[in-house]
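To keep things clear, I will list the structure first and then write my remarks on it.
Order of appearance sets the numbers: ligands from 1, and atoms from 1 within every ligand.
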Amino acid sequence: MGMIDTAGILAQFEIKGAVKEVKPLGNGLINDTYRIVTSGDDAPDYVLQRINNAIFQDVDLLQHNIEVVTAHIRSKLEAEGSDDIDRRVLQFVKARDGKTYYRDEADRYWRVMIFIPDSVTHEAVTPESAYDCGKAFGNFQKMLVDVPEELGETIPDFHNMELRMRQLREAVQNDAAGRLDEVLDIVKELERDADEMCQAERLYREGRLPKRICHCDTKVNNMLFDQQGQVLCVIDLDTVMPSFIFSDYGDFLRTGANFVAEDDPDLSKVGFNEAIFRSFTQGYLESARGFLTPIEIKLLPYAVALFPFMQCARFLADYLNGDTYYKIKYPTHNLDRTRNQLALYRDVRKHDAMMSAFIQSLL
Ligand code: GN1
Ligand code: MG
């Protein structure tokens, strides 16, 4: 915990019980997270989190989104008579001033949630769990289709492919780290498909594609499971914002359906796992097909390609910029990530027809 005065921070929130222990939780790269173990009858454990306000610059907007979304999900669960509601949606603890976050003297932002008892996270996806993940993320979007107010973007244009190409072109122009020569072929390949990959933004401007409230960070470890392996709820709500539904569908498969991790340098192992694609898609469509428009469904294979493509452009831009955004463990880490995502993109594109046929077969 270093210099952080957890007792002082926790004193700002309306928590029950006495703090017995504070221990690090999870392996997120963006926020710092701690589990607060308490003693005392009916005192729950808590999760204390420092919000990274370098990345999420409008904490007030961010927490407002989270409050609206969790309240909406809670009311949906109540209306359908769901059991165990407190384990199916996150609950935030109010600070003394009534807000769901607290800003300390050092300009750090903190929030506290109730720790969901008997919950675990998983790091790996199997064909069996992919179906449940698809259902859960589809259901998350479904519950939020009728949120009664417009939410802001916690990172403006987060998944806007046109913006990501502009940022890459700028990085190429600047060549700040002097690395352009070794990646020219990759830049060319991305430029070749850039127009196609930017079709969502064009369709949006033409009024043919909606934005909906999405999670925008749909990794398997952003979900809580119970001890029996059933999905409890979706967590890590900082990036919940209006986006194309492709964000949740495509980004899950980018990590979940790659045979290896996104930074594996052995490109011969990178590839698109069809079994996981199939079961995730089946689960997702079971939840989501009722609200998706034909164009959203038709473009699901595009979404599967879009996210490795976008991530490739983002990693490459960061490599060219001299590694200013993503944490790296060695100097060519972002280059390995770039090549990995490009290899995945190429392999996904070989599955375009298969993906479309499979989706058609489910409808
Ligand atoms: C970042 O920190 P992490 O792994 O949850 C990034 C995602 C990228 C991902 C690539 C706010 O997420 O968009 O897909 O790295 N999040 C942000 O590993 O930029
Ligand atoms: Mg996370």
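Annotation for ligand 1: atoms under 4.0 Å from non-hydrogen atoms of Tyr325 are 11 (C), 17 (C), 19 (O). Proximity to Lys219 (heavy-atom distance under 4.0 Å) selects the following atoms of ligand 1: 3 (P), 4 (O), 5 (O), 12 (O). Heavy-atom proximity to Tyr326, at under 4.0 Å, picks out these atoms of ligand 1: 15 (O).
A donor and an acceptor atom, one from each side chain of Thr281 and Tyr249, are located under 3.5 Å apart. Side-chain contact annotation: Asn334 with Arg337, donor-acceptor N/O pair under 3.5 Å present. In this model, no donor atom of one side chain and acceptor atom of the other lie less than 3.5 Å apart for Arg314 and Gln341.
Ligand 1 lies out of reach of Arg337, whose nearest heavy atom is not under 4.0 Å from it. Distances shorter than 4.0 angstrom occur between a heavy atom of Ile155 and an atom of ligand 1. Ligand 1 is approached by Phe158 to a heavy-atom distance shorter than 4.0 Å.
Remark: ligand 1 and Glu262 share an N or O pair separated by less than 3.5 Å (distance only, no angle test). Polar contact check, Gln311 against ligand 1: a nitrogen or oxygen pair lies under 3.5 Å apart. At a 3.5 angstrom cut-off on N or O pairs, Arg254 counts as close to ligand 1. Geometrically, ligand 1 and Arg314 share a nitrogen or oxygen pair separated by less than 3.5 Å.
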Please lay out, stage by stage, how Asp226 and Leu232 fare under the test side chain to side chain contact (heavy atoms under 4.5 Å, CB included).
-> CA-CA 6 Å; Asp226 70 13; Leu232 285 170; 4.0 Å; yes

Could you check Arg103 against Asp107 for salt bridge (Lys or Arg N to Asp or Glu O under 4.0 Å), going step by step and ending with a plain yes or no?
-> CA-CA 6 Å; Arg103 180 175 153 206; Asp107 214 21; 2.6 Å; yes

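Using a 30° and 60° split on the angle between ring planes, Tyr109 and Tyr101 fall in the tilted class, from 30° to 60°.
Here Phe315 and His333 keep their ring centres 6.0 angstrom or further from each other.
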